[in-house]
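In what follows, a single structure is set out as structure tokens and then discussed.
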2 protein chains.
Amino acid sequence: MARIKTREIERETTVEKIEKILTGAMQEFLAHGYAGTSMDRVAARAGVSKATVYSHFHDKERLFKALIQQSAHKKFEDLFDKLPLEGEPEVVLRHLITTALHRMISDKEHQAFVRILIGESGRFPELAKAWIHDIMTPPLKIICEYLNKHPELNIPDAEATVRMMIGSMVHFMMTQEILHGKEIFPMETDRMVECLMYHILKD
Amino acid sequence: MARIKTREIERETTVEKIEKILTGAMQEFLAHGYAGTSMDRVAARAGVSKATVYSHFHDKERLFKALIQQSAHKKFEDLFDKLPLEGEPEVVLRHLITTALHRMISDKEHQAFVRILIGESGRFPELAKAWIHDIMTPPLKIICEYLNKHPELNIPDAEATVRMMIGSMVHFMMTQEILHGKEIFPMETDRMVECLMYHILKD
DNA sequence: GTCTATATCCAGATAGAC
DNA sequence: GTCTATCTGGATATAGAC
């Protein structure tokens, strides 16, 4: 689009290089953490020189922050996708919980992201806060509203209940996948779904 | 005890040095993560030379593993202390949840430990698995048994319910404290306690 | 904008005196 | 057992040619 009628065919454009740096750096950071990632390997994986990396992203810290914030938006967004949230609670909640939990369990990249977000939350508190504010809170509030629109559910504190619901799911994913618990103390995902349905709907 | 009737008064013993290395290294690892910690600073903080550190702990990796496994045992052990678990569920569960949650929230060192355990769970899967097996599973099973001994609670899947309970608490601590959520989206701890009581006891 | 080459520093780990 | 001094590699970051 931006490069019409030029005779060069195999030379990469600048934006293509930036693209490759971003994706390559993300893979490195997700695999080795912030301190464990070297700018040499980032450049090598992107197929550019180290100086090129530095010319686009002033230093390692800024590259890391740019990446995490960019990546965060793509994560939970499609974890709770669209969130229809119309209809019978029995149907809507079961669909919501089932979908979100199964996606969390199978999305290795999301797990690596959570790992690094928590691991670096001491050194980069702004990133952690941005994640809470931009990614976790919106779905939480939407589900909260839904519960409050259904008084027949008899939920005294919807916000706390949603935190319980999300917390159960995230913690299940963390123990089973991130901390490798499924290898020594496994549990079928659907048992967790039924458990949440039972305790939230109260028969 | 081991050093009776000797005239030296200010010279440190070997075990004292090892003690200082262990505590100093733990602080460094908790503060900066595995890759972010240097053996120079570990030695400096312990007040010994780097060579002394290496003579007692063969390399950085073994020092780290020794520390995490040693430290893990002191953590959850007193988080769910003793676990009396005798008496009315209303009383026992409320006491259990209240105590555990408030301790998690106020124990900064435990939070730093969880941060590093998760952050390094990719590089050190054995440590994560050891934590699941030695620290998380025992209390889970004890609470599980307790719930199963009280059929009047009508809990179809006690193990899943306990995972929900622990998951809600750990995730609450993670979002509020580790990810700094209390600064932008706070919630009173006791609301979480009441919420769990409500959904587990079902009125 | 992009490269090669390099400056500078600090990391993990060890040799050898005491 | 403990130290000082040092080896060696790799880290972040930049200078300067093209």
Side-chain angles (χ1 to χ4, degrees), chain A residues 2-3 6-68 116 119-120 123-124, chain B residues 2-3 6-68 116 119-120 123-124:
Chain A
R3 193 165 49 101
T6 167
R7 60 253 174 265
E8 48 193 347
I9 31 176
E10 53 172 12
R11 203 118 190 82
E12 286 174 327
T13 63
T14 300
V15 289
E16 279 166 351
K17 277 191 208 292
I18 293 182
E19 223 41 64
K20 288 181 74 174
I21 293 171
L22 282 170
T23 63
M26 194 66 209
Q27 290 175 288
E28 287 292 321
F29 280 126
L30 288 180
H32 307 109
Y34 178 75
T37 292
S38 83
M39 296 295 264
D40 289 75
R41 280 207 308 271
V42 168
R45 188 185 275 255
V48 300
S49 76
K50 221 175 5 169
T52 301
V53 177
Y54 277 97
S55 78
H56 289 292
F57 306 92
H58 192 260
D59 57 17
K60 187 183 179 182
E61 198 170 312
R62 273 186 247 185
L63 171 59
F64 181 69
K65 288 181 183 173
L67 271 167
I68 296 296
I116 202 170
E120 308 295 345
R123 196 191 290 263
F124 299 99
Chain B
R3 191 166 48 101
T6 168
R7 61 251 174 263
E8 49 195 342
I9 33 177
E10 53 173 14
R11 205 113 187 87
E12 285 174 329
T13 63
T14 300
V15 288
E16 278 166 351
K17 275 191 210 291
I18 293 181
E19 221 43 63
K20 286 181 77 174
I21 293 172
L22 282 170
T23 63
M26 194 65 210
Q27 290 174 290
E28 287 293 320
F29 280 127
L30 288 181
H32 307 109
Y34 177 75
T37 292
S38 83
M39 295 297 264
D40 289 76
R41 281 208 307 274
V42 167
R45 188 186 274 255
V48 301
S49 77
K50 213 168 24 161
T52 301
V53 176
Y54 276 96
S55 79
H56 289 291
F57 305 92
H58 191 258
D59 58 18
K60 188 184 179 183
E61 198 169 312
R62 273 187 248 186
L63 172 60
F64 181 69
K65 289 181 182 173
L67 272 167
I68 296 296
I116 203 170
E120 308 295 345
R123 195 191 291 263
F124 298 98

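Within every chain, numbering begins at 1; the chains are lettered A, B, ... in the order of the sequence lines, protein sequences first and strands thereafter.
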request  = Provide, to the nearest angstrom, the distance between the CD atom belonging to B:Glu61 and the C1' atom belonging to C:dA11.
outcome  = 16 Å

message = Under the criterion side chain to side chain contact (heavy atoms under 4.5 Å, CB included), I'd like the reasoning laid out for A:Leu63 against A:Met39: C-alpha separation, chi angles, the key distance, then a yes or no.
response = CA-CA 10 Å; A:Leu63 171 59; A:Met39 296 295 264; 4.2 Å; yes

query = Over how many whole Å does the gap from B:Phe64 atom CZ to C:dG12 atom P extend?
reply = 13 Å

Just list the side-chain donor-acceptor pairs under 3.5 Å for residues 20-29 of chain B, sequence neighbours left out, or say none.
from, atom 1, to, atom 2, distance (Å)
B:Lys20, NZ, B:Glu12, OE2, 3.3
B:Thr23, OG1, B:Glu19, O, 3.4
B:Thr23, OG1, B:Lys20, O, 3.3
B:Gln27, OE1, B:Arg45, NH1, 3.2
B:Glu28, OE1, B:His32, ND1, 3.2
B:Glu28, OE1, B:Arg41, NE, 3.1
B:Glu28, OE2, B:Arg45, NE, 2.8
B:Glu28, OE2, B:Arg45, NH2, 3.2

ask   = Out of curiosity, A:Thr52 OG1 to A:Ile18 CD1, how far, rounded to the nearest 0.5 Å?
value = 10.5 Å

inquiry  = Can you give me the first and the last nucleotide of DNA chain D (5' to 3') that has an atom within less than 4.0 angstrom of a non-hydrogen atom in chain A?
reply    = D:dA11 to D:dA15

query = If every non-hydrogen atom of A:Asp59 is compared with every non-hydrogen atom of A:Arg62, which pair is closest and at what distance?
reply = OD1-N, 3.0 Å

inquiry  = If you take any heavy atom closer than 4.0 Å to DNA chain D, which residues from residues 40-55 of chain B end up in contact?
reply    = B:Val48, B:Ser49, B:Ala51, B:Thr52

message = If you compare all heavy atoms of A:Ala35 against all heavy atoms of B:Gly36, which two are closest, and at what distance to 0.1 Å?
response = CB-N, 3.8 Å

query = Please give, in whole Å, the distance from C:dA13 P to B:Asp59 CG?
reply = 5 Å

inquiry  = How long is the straight-line distance from CG of B:Leu67 back to OG1 of B:Thr37, given to the nearest 0.5 Å?
reply    = 10.0 Å

Minimum side-chain heavy-atom gap B:Val42-B:Lys60 below 4.5 Å = no

message = Tell me which residues in residues 17-38 of chain A lie within less than 4.0 Å of DNA chain D, going by non-hydrogen atoms.
response = A:Thr37, A:Ser38

request  = Provide the full list of salt bridge (Lys or Arg N to Asp or Glu O under 4.0 Å) pairs with a residue in residues 48-58 of chain B, sequence neighbours left out, each pair given once.
outcome  = B:Asp40-B:Lys50

inquiry  = I'd like to check the ring-ring contact (aromatic ring centres under 6.0 Å, His included) partners of A:Phe124; sequence neighbours left out, ordered by chain and number.
reply    = A:Tyr34, A:Phe64

